[in-house]
2 protein chains.
Amino acid sequence: MKKVTRKEEIIKTAAKLFKEKGYSAVTMRDLASAMGIKAASLYNHINSKQDILKAIIIEVAEDFTHGMRAIIASEQSNISKLKKVVELHVSISSNNTNGIAALNNDWMHLEDQLEYYLKLRNEYEANFLSIIEQGISANEIKNSNPEIIMFSMLSTLRSLYLWIPKKDTLNSNELANGLSEILIEGINI
Amino acid sequence: MKKVTRKEEIIKTAAKLFKEKGYSAVTMRDLASAMGIKAASLYNHINSKQDILKAIIIEVAEDFTHGMRAIIASEQSNISKLKKVVELHVSISSNNTNGIAALNNDWMHLEDQLEYYLKLRNEYEANFLSIIEQGISANEIKNSNPEIIMFSMLSTLRSLYLWIPKKDTLNSNELANGLSEILIEGINI
DNA sequence: TGAACAAACTAACACTTGTTAGTTTGTGTA
DNA sequence: TACACAAACTAACAAGTGTTAGTTTGTTCA
């Protein structure tokens, strides 16, 4: 019985516009127009344009952080953990493609919260890398450069937001399984 | 004995700024300041801000198009062609990380040239996909969803511009080989 | 020496930007 | 009926935007 507030509607609309044109190219008048109101009226609900960006990005960043912490804390093989990471990205990306677009493309326009965002991102990447390194030590993963492995997987996962909206025929499970297979087992016969 | 013109210096500087903050967030006064001159002076060399973006993006897009056409026209296995595509991305990305950032993130701000850019991009992706599909038909590539395969590879390759500047210790050959191995053979033992 | 030219400058323009202040409108509740 | 409140409005602001016009400066070379 969640009531969607006007503020949440504005933030959601903003995320959509930010995905299309980027934060800097979207004006408060653009946003107001998409809401069917005047720009000044937005300020009855939000404090500033900055605050909208902050709300969008920090929420997604914290989702990733909490998901990753749970995976790190769990007891399972490192390959299984990587599959869970794929599922985490597919899940968050499916529910919030617009928010992830802002996180990927407009994080540098965070002002007050930039430092906090970078802290979360660094922690996330360090955890990701540690799973790969432990997988190599445990002979679960091929002894390639772990940073190339992480870069390759993370690039794919971070781009899901671009691709999911075009392929709504595929459900999340199929996508997560297909991706895991390709990322882990490769494509050759 | 190539003479670097003032116009080329401006475009190169602009590409660097666009990578850091995005096209819309960079003002002509920012650009002028980075060049050590006044904003109005820029217009002795360039026609408009738009023209700078166009010059940056179209050059890179045509590089990719020509490289892909050569690969498509060549006689070799489809797996070899995919390795050539990886090399193409590593090569272009190494030489022009800033230009690729603009292509990836600011293509939607192309105005006159937007249609042309999209035509090149669609052709590129269609060619990429056809290599994968032919590889599957020829039993060189595992029979997974070809679009997931392309998405996964292309996401990684398009993100190289973010990663190459951080890893200048790795040379291009090592990077291309490492990437090809991971993308094609996967990471499991 | 003087013409040609590249490349900078100052000053200004019309417009757009995010934001504030104060006011009006409609709806549900005491 | 009267009040509170959410949510819209009009009007305006100071600062910043891309760009133009006209001018100055210094170097090259016939």
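Worth knowing before you read on, the calculation uses all heavy atoms, side chains too, and leaves out hydrogens, waters and symmetry mates. As the structure is a computational prediction, the values presented were derived from the model and not from experiment. Below, chains carry the letters A, B, ... as their sequence lines are ordered, and counting in each starts from 1.
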Any donor-acceptor pair under 3.5 Å linking the side-chain atoms of Y161(A) with those of N105(A)? yes
Between D30(B) (CG) and dG16(D) (C1'), how many Å, whole number? 11 Å
note: L42(B), atom CG; dC9(C), atom P; distance rounded to Å ~ 9 Å
Do N44(A) and dA6(D) share a donor-acceptor pair, side chain to base, under 3.5 Å? no
Using the salt bridge (Lys or Arg N to Asp or Glu O under 4.0 Å) rule, take E185(B) and K142(A) through it: C-alpha gap first, then chi angles, then the decisive distance, then the call. CA-CA 10 Å; E185(B) 296 172 29; K142(A) 183 185 297 183; 3.8 Å; yes
Donor-acceptor pair, side chain of S152(A) and main chain of I148(A), under 3.5 angstrom: no
Atom CD of Q50(A) and atom P of dT17(C): how far apart are they, to the nearest Å? 17 Å
Could you check whether Q76(A) and S74(A), counting side-chain N and O atoms only, form a donor-acceptor pair closer than 3.5 Å? yes
Think S41(B) has a side-chain N or O under 4.0 angstrom from the OP1 or OP2 of dA7(C)? no
Does the base of dG18(D) carry an N or O that pairs as donor and acceptor with the side chain of R29(B) under 3.5 Å? yes
Please determine whether a side-chain nitrogen or oxygen atom of H45(A) lies at a distance below 4.0 Å from atom OP1 or OP2 of dA6(D). no
Write down the distance between NZ (K49(B)) and C1' (dT19(D)), rounded to a whole number of angstrom. 12 Å
Mind calculating the distance between CD1 (I37(A)) and P (dA6(D)) to the nearest angstrom? 15 Å
On DNA chain C, nearest-nucleotide positions of S48(A) versus A40(B): which is more 5'? A40(B)
In whole angstroms, how far is the P atom of dA7(C) from the NZ atom of K7(B)? 12 Å
For atom NZ of K38(A) and atom C1' of dT23(C), their distance in whole Å: 16 Å
Whole-Å distance separating the CE atom of M28(A) from the P atom of dT16(C): 18 Å
